[in-house]
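So the structure is just underneath, and the comments pick up after that.
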Amino acid sequence: MSADAHPNSACAVETEQAATARERVLAVVEAQQTELVDYSERLHAHPELGWQEHQAAEWTAQLLDQHGFRVERAYLGFPTAIRAVFGTGSRRIGLMAEYDALPGLGHACGHNLIAAISCGAALALARFAAEADLTVEVYGTPAEEGGGGKIELLKRGAFIGLDLAMMAHPGPVDSAEARPYAVAHHHVEYRGRSAHAAAYPEQGVNANDAFVVAQVALGLLRQQLPAGTRVHGIQTRGGEAPNAIPERTEGRWYVRAETLTALGGLDERVRRCFEAGALASGCELEITPESEPYSEFRTDERALAMYVHHAESLGRRFDAPAEQATMNRASTDMGNVSQVVPAIHPYIGLGSYPDSNHQPAFAAHCVGDAAEQAVHDGAVALALTALDYLAEPTEAER
């Protein structure tokens, strides 16, 4: 047997190619690191709520346009959605760029980092488009924070046919597998009748009382809720003046369960609690979905194992105590995407625990040294995962 035919020679070639790909990805991301960080910090400094991310969408479009991507603004008719495409290959990788912020908290969930990581991975993958028969697609997806932007995009045909959909979400620690709850988002409104609280109280129908009764009913329901469920919300309008019986109150309520199937039965029980408030107070009740329900997540295990390998090679660790890694239970409309195409949604740590998502302190962690490292590591790990995923035969091909 000649040296060229040695059984280990193919492995050596593959190893060399893999090393070259890694070096190329690292070179691209590091060359663009300053631009990616500037973009992330600009998003962080100018937070926009769901469906209102006009600056964020335009900045994302400009960044990718400058690097040769074909950009569709107002994608599928949504003013703050974009789709940017590089290459014409038969294999399609989709990277999700979320960029909406939280009311009153700004980027306390780190969506500025999600967008920068996805754009960085896309810039790296673009260098492989021709040789890997690859089309790189970046989706600017609005309104993840309760608005179900990806669900609305799905309904109009987005994401269909992707070989793999990916994003990396910041959290206090690294956590590989997304295990989000399915969730229903509701706007709750009671309508009663106003009256002077001292002079003519008998003429009033108190819409705030309706909310009090509903919340007592929900509190009693919690003792009988099955494991793996959550019911929580806020009252956003409780009345106008202490001497006027409130005629209108409003709130936003979330119901979570392990699966969409389990969510349906629980949601009906929660609705009956709100109906009890209306019945007891004499108010009218209107419950309006704020979006279609978010699904549980279906992880592509092969892709996730590749991501973990590459993240660990960059110094990331996935051994945080379980109580620190529970951001992976947060609901996401990426779950709905995962029901249609192969997908991963790992969490990349900022080393911030006990400061965690949806706290003002966490927003502060989404800029600075740890945030910049997350942009670098997330972009590199996602890009290398995509290249490995497309290079390795699928189970069906094997």
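For the numbers below, each heavy atom of this structure counts, side chains included, while hydrogens, waters and symmetry mates do not.
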Within 45° cone and under 6.0 Å: Arg179 NZ/CZ vs Phe297 ring: no
Parallel, tilted or perpendicular: which fits the ring planes of [X] and [Y], with parallel below 30° and perpendicular above 60°?
X: Phe318; Y: Tyr307; result: perpendicular
X: Tyr294; Y: His185; result: perpendicular
X: His111; Y: His169; result: perpendicular

With a 3.5 Å distance limit and no angle check, can you tell me whether [X] reaches the backbone of [Y] through a side-chain donor-acceptor pair?
X: Ser118; Y: Met96; value: yes
X: Thr249; Y: Ala207; value: yes
X: Asn206; Y: Pro201; value: no
X: Ser295; Y: Asn336; value: no
X: Asp333; Y: Glu144; value: no

Pair Tyr99 and Trp59, ring centroids less than 6.0 Å apart: no
Check Leu162, Asp300, Asp163 against Pro342 for a side chain to side chain contact (heavy atoms under 4.5 Å, CB included) and give me the one that passes. Asp300
How close do [X] and [Y] get, heavy atom to heavy atom, and via which atoms?
X: Thr229; Y: Leu225; value: OG1-CB, 3.5 Å
X: Leu384; Y: Arg22; value: CD2-CA, 3.7 Å
X: Leu105; Y: Ala363; value: O-CB, 3.9 Å

Begin with the C-alpha distance, continue with both residues' side-chain angles, and end with the deciding distance and a verdict on salt bridge (charged side-chain N to carboxylate O under 4.0 Å, His left out) for Glu152 and Lys155. CA-CA 5 Å; Glu152 296 304 314; Lys155 287 160 63 177; 3.3 Å; yes
Full working for side chain to side chain contact (heavy atoms under 4.5 Å, CB included) between Ile287 and Glu275: CA-CA 10 Å; Ile287 301 177; Glu275 290 167 0; 5.7 Å; no
With sequence neighbours left out, what residues match Ala184 under side-chain contact (heavy atoms from CB on, under 4.5 Å)? His186, Leu263, Asp267
Would you give the length of the straight line joining atom CG of Leu26 to atom NE2 of His376, rounded to the nearest 0.5 angstrom? 5.5 Å
Value rounded to 0.5 Å, distance of CD in Glu290 from OH in Tyr254: 5.5 Å
Can you give each donor-acceptor pair under 3.5 Å made by side-chain atoms of residues 73-82, sequence neighbours left out, with the distance rounded to 0.1 Å?
unit_1, atom_1, unit_2, atom_2, d
Arg73, NE, Glu58, OE1, 2.9
Arg73, NH2, Glu58, OE2, 3.2
Thr80, OG1, Glu53, OE1, 2.8

Taking atom CZ of Arg191 as the centre, report whether more than 12 heavy atoms of other residues, nucleotides or ligands fall under 6.0 Å from it. yes
Do other residues, nucleotides or ligands put more than 12 heavy atoms under 6.0 Å from Asp369 CG? no
Have Arg316 and His310 got a donor and an acceptor in their side chains that come within less than 3.5 Å? no
Is it the case that the side chains of Asp133 and Ser90 hold a donor-acceptor pair, with the cut-off being a distance below 3.5 Å and no angle test? yes
